[in-house]
Amino acid sequence: MSAKGKHRRPKQHRIARRLAFAGTGGAALALPLIGATTAGAVTQPAVAPATSTLARPAVQPAVQPAAESAALPLTYSVVGGDTLSKIAADHSVSGGWQTLYADNRSAIGADPSVIRPGLKLRLGAAAKAAAARATAVTAVTAAAVKPAATYANNLDGWIRESLDIMARHGIPGSYNGIHRNVMRESSGNPLAINNWDSNAAAGIPSKGLLQVIDPTFRAYHVPGTAMDSYDPVANITAACNYAAARYGSIDNVNGAY
């Protein structure tokens, strides 16, 4: 790549050095009367109740898919010791126990202070919102545990890694645009160097897959890549950054640039 205009196809020489490429329902339980804003507690049965859970699939995956999480039944199974107030608070029911009672009156009966262990309660719209938040957290968790991408230590891998870095930095360019220019500039040799043109005479020869002179490489170097113009990923990414600034994209480059 020339800072002053078009240059001819570089001669290719291998440099003698090695590069490292980064590459229930029981009987009803008597309850105290409820106050204005709370429901009374049920009396603990003699037999320990079954564990209370939101209804879930029999087999729970390590990271639950969002669609499956959203499809979970929004119901709750009452256990000994529960009150409508406690259930409403634990499951973020909008409107508190009063709304929970209104939504489930046909199942509970006339007295909201009497709820039977094993009774299934619908949790309402607020629980849907809570489920949506849980789904969002699941999605973030799934993204966080996604393994890092790996790339082959060859031209295909270098281009693909560069494209991923470019995408993170908003640098345009396509696989075909990069590959076409690499083959013209260096025939895919990351150690190619032009030792004969005006840039070489000025002491700043064009180097690497996309033949970048050092001043251009430093000016358009992209953070996260090696500060080495012979490094294939760093070379491609910096050259594409330069091409984007001057031509709009490496895809618009069809000759010396």
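Because the structure is a prediction, the values reported are computed rather than measured.
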Checklist entry - Would Ile178 and Ile236 count as a side chain to side chain contact (heavy atoms under 4.5 Å, CB included) if you check the C-alpha gap in whole Å, the side-chain angles of each, and the deciding distance to 0.1 Å? => result CA-CA 8 Å; Ile178 296 173; Ile236 292 173; 3.8 Å; yes

Checklist entry - Going through the distances and angles, do Arg168 and Asp164 end up as a salt bridge (charged side-chain N to carboxylate O under 4.0 Å, His left out)? => result CA-CA 7 Å; Arg168 293 198 293 271; Asp164 285 347; 5.7 Å; no

Checklist entry - How far apart are the C-alpha atoms of Tyr76 and His91, what are their side-chain angles, what is the distance that settles it, and do they pass the side chain to side chain contact (heavy atoms under 4.5 Å, CB included) test? => result CA-CA 9 Å; Tyr76 176 80; His91 298 284; 3.4 Å; yes

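Here the side chain of Ser186 pairs a donor or acceptor atom with the backbone of Val182 at under 3.5 angstrom. Checking side-chain atoms of Ser249 against main-chain N and O of Asn252 turns up no donor-acceptor pair under 3.5 Å. Judged purely by atom type and a 3.5 angstrom limit, Ser206 has no side-chain atom pairing as donor or acceptor with the backbone of Ile213. In this structure a side-chain-to-backbone donor-acceptor pair under 3.5 Å is missing from Asp231 to Met227. A donor-acceptor contact shorter than 3.5 Å is absent between the side chain of Asn235 and the backbone of Tyr230.
Heavy-atom minimum distance, Asp111 versus Ile108: O-CG2, 3.7 Å. Looking at every heavy atom in both residues, Ser229 comes nearest to Asp214 through OG-OD1, 3.2 Å. Nearest approach of Asn195 to Pro205, heavy atoms of both residues: OD1-CB, 4.2 Å. Residues Ala234 and Phe217 share a closest heavy-atom pair of O-CE1, 3.6 Å. Residues Arg180 and Val253 approach most closely at NH1-O, 2.6 Å, considering heavy atoms. Of all heavy-atom pairs spanning Cys240 and Met166, the tightest one is CB-CE, 3.7 Å.
No side-chain heavy atom of Pro172 sits less than 4.5 Å from a side-chain heavy atom of Asp251. Using a 4.5 Å heavy-atom cutoff, the side chains of Leu121 and Thr75 are not in contact. Contact of the Arg116 side chain with the Val78 side chain is not registered, since no non-hydrogen atoms from C-beta on lie closer than 4.5 Å. At a threshold of 4.5 Å between non-hydrogen side-chain atoms, the residues Leu209 and Pro232 count as touching. Two residues are said to be in side-chain contact when any heavy atoms from C-beta on lie closer than 4.5 Å; Arg246 and Tyr257 fail this criterion. You'll find the side chain of Tyr175 reaches within 4.5 Å of the side chain of Asp156, heavy atoms only. Between Met183 and Leu155, the closest side-chain pair of non-hydrogen atoms falls below 4.5 Å.
Side-chain contact, Asn254 with Arg184: no donor N or O sits under 3.5 Å from an acceptor N or O.
Between the CG atom in Asn176 and the CD1 atom in Ile250 there is a gap of 12.5 Å [rounded to 0.5 Å]. Distance check, rounded to the nearest 0.5 Å: CG of Asn194 to NZ of Lys207 gives 12.0 Å. Between the CG atom of Asn153 and the OH atom of Tyr151 there is a distance of 13.5 Å, given to the nearest 0.5 Å. Separating the CH2 atom in Trp97 from the OG1 atom in Thr83 is a distance of 10.0 Å, to the nearest 0.5 Å. To the nearest 0.5 angstrom, Ser162 atom OG is 11.5 Å from Asn241 atom CG. Taken to the nearest 0.5 Å, the OG atom of Ser77 stands 9.0 Å off from the CG atom of Asp82.
For the side chain to side chain donor-acceptor pair (under 3.5 Å) test, residues two or more places apart in sequence or in another chain that qualify with Thr225 are His221.
Between Tyr242 and Tyr220, the ring planes lie perpendicular to each other; the angle is over 60°, past the 30° to 60° tilted range.
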